[in-house]
Novice: 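Sharing a structure below in structure tokens format, with a few things to ask.
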Amino acid sequence: MKITSLAENTSTGGLRSVHGLSLYIETGSHRLLFDLGPDKTLFVNAEKMGIDLAAVDTVIISHGHYDHGGALEDFLKINHTAKVYVHQRAFEPHYSCLLSFKKSIGIDPALKDHPQVVLTDGEYRIDNELLLFTVSGADKCHSTANDSLLDSSGRDSFAHEHNLIINDGACALVMGCGHNGVVNIMERAQPYAPQLCVGGFHLYSPSLGKTVAAELLDEIAAELKQYQNTRFYTCHCTGKEAFEHLSKLMPNLAYLSCGESIEL
């Protein structure tokens, strides 16, 4: 299994960076994309790295925010065969709120009925390698960086967020923003004993320009220390300050920038 970052907030090797996430994942049976980023950055970087996106067979969009699914329409123009798995609530309105101003951060609802789009709800097994799951009752280590994010009913419940288990001999857990909390998501994933956890932890609010409190970071690190056999790679919405704090407490935590790869 090989996971390569094609869109992320930071970059190496002359690739374009962007606020968003897209991971290209090669397994024994699949060439898949986990998230698509917000714009054409994915396509520019894939071309530079010699990755043929027309050959991708599976796409997972982790949740209904533009920085993870904004490039969906452009992707569907160049790939006419891949199935795109999206939670059925991901196409609902989503907002970021600063003071009393609401900004739409959703993905295009017109794409919900596209023939390549597969709507999911709860746990969804794609095949023997790939399993999607949601998390409810995310009550541990709540990230205050979530509090400025809304849906049409008020504060976002993130019921539209799903996570990916890849079991290709080795087992990996892949998250988008981890809005439901990496601690809660890891607990839910324990029956699969992931050796690798990759994704954002959403500990920084770009609309407010703030990182969560150090006390919360200490609590998260204490919870994750029980997973000594799991390699953690974070990115995107964790933020530099939070990563630096956590990495001092977690020797098994590293950062995944655009252009970098992980093999398992």
Novice: Counting heavy atoms not belonging to Asn229, are there more than 12 under 6.0 Å from its CG?
Specialist: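 No - once you tally the heavy atoms of other residues, nucleotides and ligands closer than 6.0 Å, there are 12 at most.
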
Novice: Could you report the tightest heavy-atom contact between Ala159 and Arg89, atom names first, then the distance?
Specialist: CB-NH1, 3.5 Å

Novice: Rounded to the nearest 0.5 Å, what separation is found between the CD1 atom of Ile185 and the CZ atom of Phe201?
Specialist: 9.0 Å

Novice: To the nearest 0.5 angstrom, please state how far the CD atom of Glu187 sits from the OH atom of Tyr227.
Specialist: 5.0 Å

Novice: Verify the cluster assignment for Leu164 and Val59: are they in a single hydrophobic cluster under the rule of side-chain heavy atoms below 4.5 Å apart?
Specialist: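 They do not share one cluster, since no chain of ILVMFWY contacts under 4.5 Å joins Leu164 to Val59.
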
Novice: Taking it one step at a time, do Val84 and Val86 satisfy side chain to side chain contact (heavy atoms under 4.5 Å, CB included)?
Specialist: CA-CA 6 Å; Val84 181; Val86 191; 3.8 Å; yes

Novice: Evaluate the ring planes of His65 and Phe158, with Trp represented by its six-membered ring, and classify them as parallel (under 30°), tilted (30 to 60°) or perpendicular (over 60°).
Specialist: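 His65 and Phe158: perpendicular rings.
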
Novice: Hey, could you give me the CG/CD1 distance between Leu130 and Ile25, rounded to the nearest 0.5 Å?
Specialist: 8.5 Å

Novice: Give the cluster check for Tyr192 versus Val183: same hydrophobic cluster or not, with ILVMFWY residues linked at side-chain heavy-atom distances below 4.5 Å.
Specialist: yes

Novice: Counting only heavy atoms not in Glu241 (residues, nucleotides, ligands), do more than 12 fall under 6.0 Å from its CD?
Specialist: no

Novice: Side chains of Asn252 and Lys225, heavy atoms from C-beta outward: is any pair under 4.5 Å?
Specialist: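 A side-chain contact is absent here, since even the closest heavy-atom pair is not under 4.5 Å.
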
Novice: Hey, what do you get for CZ (Phe133) to OG1 (Thr120), rounding to the nearest 0.5 Å?
Specialist: 12.5 Å

Novice: Between Thr27 and Glu129, is any side-chain donor less than 3.5 angstrom from a side-chain acceptor?
Specialist: yes

Novice: Assess the side chains of Asp151 and His94: does a donor N or O sit below 3.5 Å from an acceptor N or O?
Specialist: no

Novice: Looking at every non-hydrogen atom in both residues, tell me the closest pair between Met49 and Thr4 and how far apart they are.
Specialist: CE-CG2, 3.7 Å

Novice: Give me the ring orientation class for His63 and His160: parallel if the planes are under 30° apart, tilted from 30 to 60°, perpendicular past 60°.
Specialist: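 Rings of His63 and His160: tilted, 30 to 60°.
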
Novice: Hey, can you tell me if His87 and His162 have their rings parallel, tilted or perpendicular (30° and 60° cut-offs)?
Specialist: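 Rings of His87 and His162: perpendicular, over 60°.
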
Novice: Would Tyr255 and Tyr233 count as a close aromatic pair, with their ring centres under 6.0 Å?
Specialist: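 No, the ring of Tyr255 stays outside the 6.0 Å limit from the ring of Tyr233, centre to centre.
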
Novice: For the hydrophobic clusters of this structure (ILVMFWY residues joined by side-chain heavy atoms under 4.5 Å, transitively), does one cluster hold both Leu264 and Tyr24?
Specialist: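 No, it is not one cluster - the side chains of Leu264 and Tyr24 are not joined through contacts under 4.5 Å.
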
Novice: Examine Leu42 and Ile107 and state if one hydrophobic cluster contains both, with Ile, Leu, Val, Met, Phe, Trp and Tyr joined whenever side-chain heavy atoms are less than 4.5 Å apart.
Specialist: yes

Novice: In terms of heavy-atom contacts, does NZ of Lys40 have more than 12 from other residues, nucleotides or ligands at under 6.0 Å?
Specialist: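 No - once you tally the heavy atoms of other residues, nucleotides and ligands closer than 6.0 Å, there are 12 at most.
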
Novice: Charged N to carboxylate O under 4.0 angstrom, Arg188 versus Glu123?
Specialist: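 Yes, this pair counts.
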
Novice: Show, in sequence, the C-alpha distance, side-chain angles and deciding distance for Leu33 and Ile60, and conclude whether the side chain to side chain contact (heavy atoms under 4.5 Å, CB included) test is met.
Specialist: CA-CA 6 Å; Leu33 285 171; Ile60 312 296; over 6 Å; no

Novice: Working to the nearest 0.5 Å, report the span between SG of Cys235 and CG of Leu23.
Specialist: 6.0 Å

Novice: Got Arg16 and Thr41 here, is their nearest side-chain heavy-atom distance under 4.5 Å?
Specialist: yes

Novice: When His236 is tested against each of Thr10, Asn9, Asp35 for side chain to side chain donor-acceptor pair (under 3.5 Å), which residue passes?
Specialist: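 Result: among Thr10, Asn9, Asp35, Asn9 is the only option passing the side chain to side chain donor-acceptor pair (under 3.5 Å) with His236.
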
Novice: Give a yes/no verdict on a cation-pi contact between Lys102 and Tyr95, requiring under 6.0 Å between NZ or CZ and the six-membered ring centre and an angle within 45° of the axis.
Specialist: yes

Novice: Let me confirm one number: the SG-NZ distance from Cys258 to Lys48, rounded to the nearest 0.5 Å.
Specialist: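 Between atom SG of Cys258 and atom NZ of Lys48 there are 9.0 Å.
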
Novice: Testing Thr211, Leu217, Leu203, Leu253 for side chain to side chain contact (heavy atoms under 4.5 Å, CB included) with Phe243, which one passes?
Specialist: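 So, applying the side chain to side chain contact (heavy atoms under 4.5 Å, CB included) to Phe243 and each of Thr211, Leu217, Leu203, Leu253, only Leu253 qualifies.
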
Novice: Kindly check if the number of other-residue, nucleotide or ligand heavy atoms within 6.0 Å of CD (Glu47) is above 12?
Specialist: no

Novice: Name the orientation class of the two ring planes belonging to His202 and His179 (parallel below 30°, tilted from 30 to 60°, perpendicular beyond 60°).
Specialist: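 Ring orientation, 0 to 90° scale: tilted.
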
Novice: Does either side chain, that of Ser11 or that of Ser17, offer a donor lying less than 3.5 Å from an acceptor on the other one?
Specialist: no

Novice: I would like to know whether Leu196 and Ile3 meet side chain to side chain contact (heavy atoms under 4.5 Å, CB included); could you show each step before the answer?
Specialist: CA-CA 11 Å; Leu196 180 69; Ile3 301 174; 3.8 Å; yes

Novice: Which heavy-atom pair separates Phe75 from Phe43 by the least distance, and what is that distance?
Specialist: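 For Phe75 versus Phe43, the nearest heavy atoms are N-CZ, 3.6 Å.
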
Novice: Given the rule in the side chain to side chain contact (heavy atoms under 4.5 Å, CB included) test, do Leu131 and Ile166 qualify, once you have shown the distances and angles that lead to the verdict?
Specialist: CA-CA 7 Å; Leu131 173 73; Ile166 306 173; over 6 Å; no

